[in-house]
Structures are given as structure tokens and as C-alpha cells.
A.B. asks: 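Take this structure, written in C-alpha cells, and hold onto it; I'll ask about it next.
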Amino acid sequence: MKRILITGALGQIGSELTLKLREIYGRDNVIATDIRQEEETEGPFEILDVSDQFRMYEIAKKFRVDTIIHLAALLSATAETKPIFAWNLNMGGLVNALETARELNCQFFTPSSIGAFGPTTPKDHTPQVTIQRPTTMYGVNKVAGELLCDYYFHKFSVDTRSLRFPGLISYVTPPGGGTTDYAVEIYYEALRKQQYTSYIAKDTYMDMMYMPDALNAIIQLMEADPAQLKHRNAFNVTAMSFDPEEIANEIRNHIPNFELNYQVDPVRQQIAESWPNSIDATAAKEEWGFKATYDLKQMTIDMLEQLRSRL
Ligand code: SER
């Protein structure tokens, strides 16, 4: 990775990844793009709607990029409310980004998700290679995306790489429209109101990861020796698995009067129940040395400290 084009650069992952990549590869070597420009960014920025393949190609060519990191997509809960729009945006954007990578001979990254699994997938220690029959539009997009990235690798030799991310937790840019978002909101509300009403039910376990580990994982995978990669699209990665009670208990170690209540949202609960409880990241560890550094305890200390100074 030397000159990188990022789509969805103002999103949850993009806003932090752009800064981190600029630190490593140099400000002018990371071209941020998004559908809107909200504020002045330091470094190259272009407005890009990912459904416009011509413009994507033109920007990539103009900046002579050798890497495309395609992040623009709708998350699970939003995709469920607008399934056809999600199909068009998630799949159309992906194929445009892959075509640009093929034409300009770029290395390629796009995230997959625990959403690529479904109710018939083994729930615990979910293996790298297993049943993937998701029942959400987001999941259908993610499985199709994994297959499409494999196709571009085998058919056109595009160096595609991907990670199946769990819920990502960060204090910088809030996520929007995801099922795992409760695990971000809970920290904000714990500090603001000492109370949170969870839309996910007690005893619903999902994998999670703190953003610094997710950013490192992307960079490490993209820098990994291709000869070591057997799976490519996409590696299971995770740092922890918890239910709302466990994260609330951890928060209570810092805010003892924190109260957790429930008002379960049937749509997001159903999505969460169709996903694994905890996935197995052995392939990522063995093939390119994946390692998460934050567990629930360390993440909670850092989240509360960072948010306290921001709120
Ligand atoms: N965090 C995502 C979501 O909840 C999962 O990839 O939609």
C-alpha cells in the first residue's frame, strides 16, 4: 500500500482509518472520498458516489492509486428497512470498486462481517469455513461480496483481501444503522444519563472489537505476504464476545449506579439472533498473525476515559 483510495471515508471505520493511513503512508498518499463533504479535511478529498463507476475510475486514475479500500455500504438494520436500495448500493458499489481495481491493477480491501453468517451457521467458535446462509439483506450482500472478491482474485488476479468484522466500537465516529451499535451507545448514555435502554435482549451474545484493533488488522492484512494467505475473502476476526449484561457490569466498575433497561427492537433482535455468539479467528492468527490487544475490560477503561473528555 503506497497510494490509497478510500470510499466511505467519513464513516465509522473510514474516519479513523484515513487518519491512521495518512500517519503511516503520508498525508497526500491517502485519497479520502465520500458522498458528502461535511468539513474541511486535511489531505486529498473528493466527493464520490460509489454507484458512479466512471467517476470512481477517474479519481483513482488521477491520483495514480495502487490500493482501493472500499468501505461505503449500508449496515444491517438500515439495509433491512431498505433492502433493494441496500442491494443496489452495497453490490453496485462493490462491483464498481472491484472493476476500478482490476482496470488499474490495484490491491483491494473491503470489509465483510459476522452478518455473513446465518441461523444455520454453528453459533459457537464459528469456523472460518462453514455454512453461510444469512437471512438478512446485509448478510446476502456480504456473502455475495466475499464470493465476488474471490472471483476477482481467481479470474483477474486482483489482490483482494477482506475481514469478517464483528461489531466495531469506537469513541470517534458513531456507527449508523447497525445491529451491534448498542455496544457503542451504551457508553455514551452511561456517561450522560447513568442509564441505557438496550434494544438487544439479555443473553444475546455477539462478537465485538475495539476500533484500534480493527484498524491494525486491516493494515496488517494488507501488508501480509500473499503467499501466506489461504483464505483472503474473508478472515474471521474478533476480540471479545458479550451480552448487554456483561458490558453493563463492566461499566459498573467505573459508574457504580449505572442502570440497564430493555426495550427490545424485534428487527434488530432477530438479526442478532441469526448471527454467531462467538467466531473462531484461528485462520487469521495462523496466516498473518492477527492479534487483538483490547478485551472488554481494557476497552471499557479507554472508551470511558476518551468519551469523558469529549462529552
Ligand atoms: N456492525 C455491523 C452491523 O451491526 C455488523 O457488521 O450491521
Side-chain angles (χ1 to χ4, degrees), residues 1-18 20-22 25 29-36 44-76 78-79 85-113 115-116 138 140-153 156-165 168 173 175-178 214-215 217-219 221-223 232-235 237:
M1 286 204 286
K2 290 184 204 75
R3 276 176 82 75
I4 306 157
L5 176 85
I6 305 184
T7 71
L10 299 180
Q12 197 205 8
I13 302 176
S15 55
E16 291 187 58
L17 185 63
T18 302
K20 176 126 189 157
L21 292 176
R22 283 185 172 152
Y25 301 99
N29 289 325
V30 180
I31 294 80
T33 71
D34 208 299
I35 196 155
R36 63 192 192 281
F45 183 92
E46 296 279 334
I47 302 258
L48 172 66
D49 174 350
V50 293
S51 38
D52 184 346
Q53 205 220 322
F54 182 72
R55 180 154 168 80
M56 194 188 292
Y57 173 83
E58 288 296 303
I59 295 170
K61 198 168 160 207
K62 175 171 123 191
F63 286 96
R64 300 187 318 278
V65 302
D66 60 24
T67 306
I68 295 175
I69 297 187
H70 176 58
L71 303 174
L74 287 195
L75 288 183
S76 57
T78 316
F85 179 61
W87 172 268
N88 289 337
L89 181 78
N90 291 356
M91 300 314 299
L94 177 61
V95 82
N96 288 343
L98 282 166
E99 271 299 285
T100 307
R102 179 178 72 80
E103 286 176 31
L104 298 174
N105 198 19
C106 296
Q107 199 193 15
F108 189 86
F109 176 86
T110 196
S112 186
S113 159
Y138 180 72
V140 170
N141 297 164
K142 288 301 182 191
V143 175
E146 290 184 8
L147 295 174
L148 197 60
C149 287
D150 272 344
Y151 181 81
Y152 269 73
F153 172 64
F156 304 122
S157 305
V158 178
D159 183 0
T160 55
R161 305 182 185 196
S162 177
L163 300 169
R164 286 184 193 129
F165 276 133
L168 297 180
T173 307
L215 303 181
I218 295 173
I219 294 162
L221 172 63
M222 292 302 272
E223 294 288 1
R232 285 181 169 272
N233 304 297
F235 286 96
V237 285

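Quick note: numbers below take in every heavy atom, side chains included, and nothing from hydrogens, waters or symmetry partners. Positions are given from 1 along the sequence.
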A.B. asks: Should the heavy atoms of other residues, nucleotides or ligands under 6.0 Å from CG of Asn105 be counted, would the total exceed 12?
C.D. replies: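 Check fails, neighbour count at 12 or below.
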A.B. asks: Give a yes or no answer on whether the side chain of Ser76 reaches the backbone of Tyr138 with a donor-acceptor pair at less than 3.5 Å.
C.D. replies: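 The answer is no, because no donor-acceptor pair under 3.5 Å joins these two groups.
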A.B. asks: Is the backbone N or O of Val50 less than 3.5 Å from a side-chain atom of Asn96, with the two atoms forming a donor-acceptor pair by type?
C.D. replies: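 Yes; at least one donor-acceptor contact below 3.5 Å.
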A.B. asks: Answer with yes or no whether the side chains of Ser112 and Glu146 bring together a donor and an acceptor at under 3.5 Å.
C.D. replies: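 Checked: Glu146/Ser112 side chains pair up, N/O donor to acceptor below 3.5 Å.
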A.B. asks: Output yes when Glu103 and Lys61 qualify as a salt bridge under the 4.0 Å nitrogen-oxygen rule, no when they do not.
C.D. replies: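 Here Glu103 does not pair with Lys61 in a salt bridge, since their nearest N and O are not under 4.0 Å apart.
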A.B. asks: Roughly how far, to the nearest 0.5 Å, is the CZ atom of Arg161 from the CZ atom of Phe109?
C.D. replies: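 These two atoms lie 11.0 Å from each other.
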A.B. asks: Any side-chain to backbone donor/acceptor pair from Gln107 onto Thr160? Under 3.5 Å, distance only.
C.D. replies: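 No, because the side chain of Gln107 does not come within donor-acceptor range (under 3.5 Å) of the backbone of Thr160.
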A.B. asks: Of the non-hydrogen atoms in Ala116 and Lys142, which two are nearest, and what is the gap between them?
C.D. replies: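 Minimum heavy-atom contact is CB-CB, 3.9 Å.
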A.B. asks: Could Glu99 and Arg102 be called an ion pair, given the rule that one side-chain N must be under 4.0 Å from one carboxylate O?
C.D. replies: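 A salt bridge is present here (some side-chain N lies under 4.0 Å from a carboxylate O).
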A.B. asks: Any side-chain heavy-atom pair from Leu21 and Ile219 closer than 4.5 angstrom?
C.D. replies: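 Contact flag for Leu21/Ile219 side chains = yes.
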A.B. asks: Go through Ile4 and Asn29 one step at a time and tell me if the side chain to side chain contact (heavy atoms under 4.5 Å, CB included) criterion holds.
C.D. replies: CA-CA 6 Å; Ile4 306 157; Asn29 289 325; over 6 Å; no
A.B. asks: Give a yes/no verdict on a cation-pi contact between Arg232 and Phe153, requiring under 6.0 Å between NZ or CZ and the six-membered ring centre and an angle within 45° of the axis.
C.D. replies: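 Geometry flag: set, cation within 6.0 Å and 45°.
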A.B. asks: Going through the checks in order, is the side chain to side chain contact (heavy atoms under 4.5 Å, CB included) test met by Thr67 and Arg3?
C.D. replies: CA-CA 6 Å; Thr67 306; Arg3 276 176 82 75; over 6 Å; no
A.B. asks: Checking Leu5 against Ile69 for the side chain to side chain contact (heavy atoms under 4.5 Å, CB included) test, could you report, in this order, the C-alpha distance in whole Å, the side-chain angles of both residues, the deciding distance, and whether it holds?
C.D. replies: CA-CA 6 Å; Leu5 176 85; Ile69 297 187; over 6 Å; no
A.B. asks: Ignoring hydrogens, what is the shortest heavy-atom contact between Thr110 and His70? Give both atom names and the distance.
C.D. replies: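 For Thr110 versus His70, the nearest heavy atoms are OG1-O, 2.7 Å.
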A.B. asks: Looking just at side-chain N and O atoms, do Ser162 and Asn233 make a donor-acceptor pair shorter than 3.5 Å?
C.D. replies: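 Checked: Ser162/Asn233 side chains show no N/O donor-acceptor pair below 3.5 Å.
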A.B. asks: How far apart are the C-alpha atoms of Phe108 and Asp159, what are their side-chain angles, what is the distance that settles it, and do they pass the side chain to side chain contact (heavy atoms under 4.5 Å, CB included) test?
C.D. replies: CA-CA 6 Å; Phe108 189 86; Asp159 183 0; over 6 Å; no
A.B. asks: CD1/Ile68 to CE/Met56 distance, rounded to the nearest 0.5 angstrom?
C.D. replies: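 If we round to the nearest 0.5 Å, Ile68:CD1 and Met56:CE are 7.0 Å apart.
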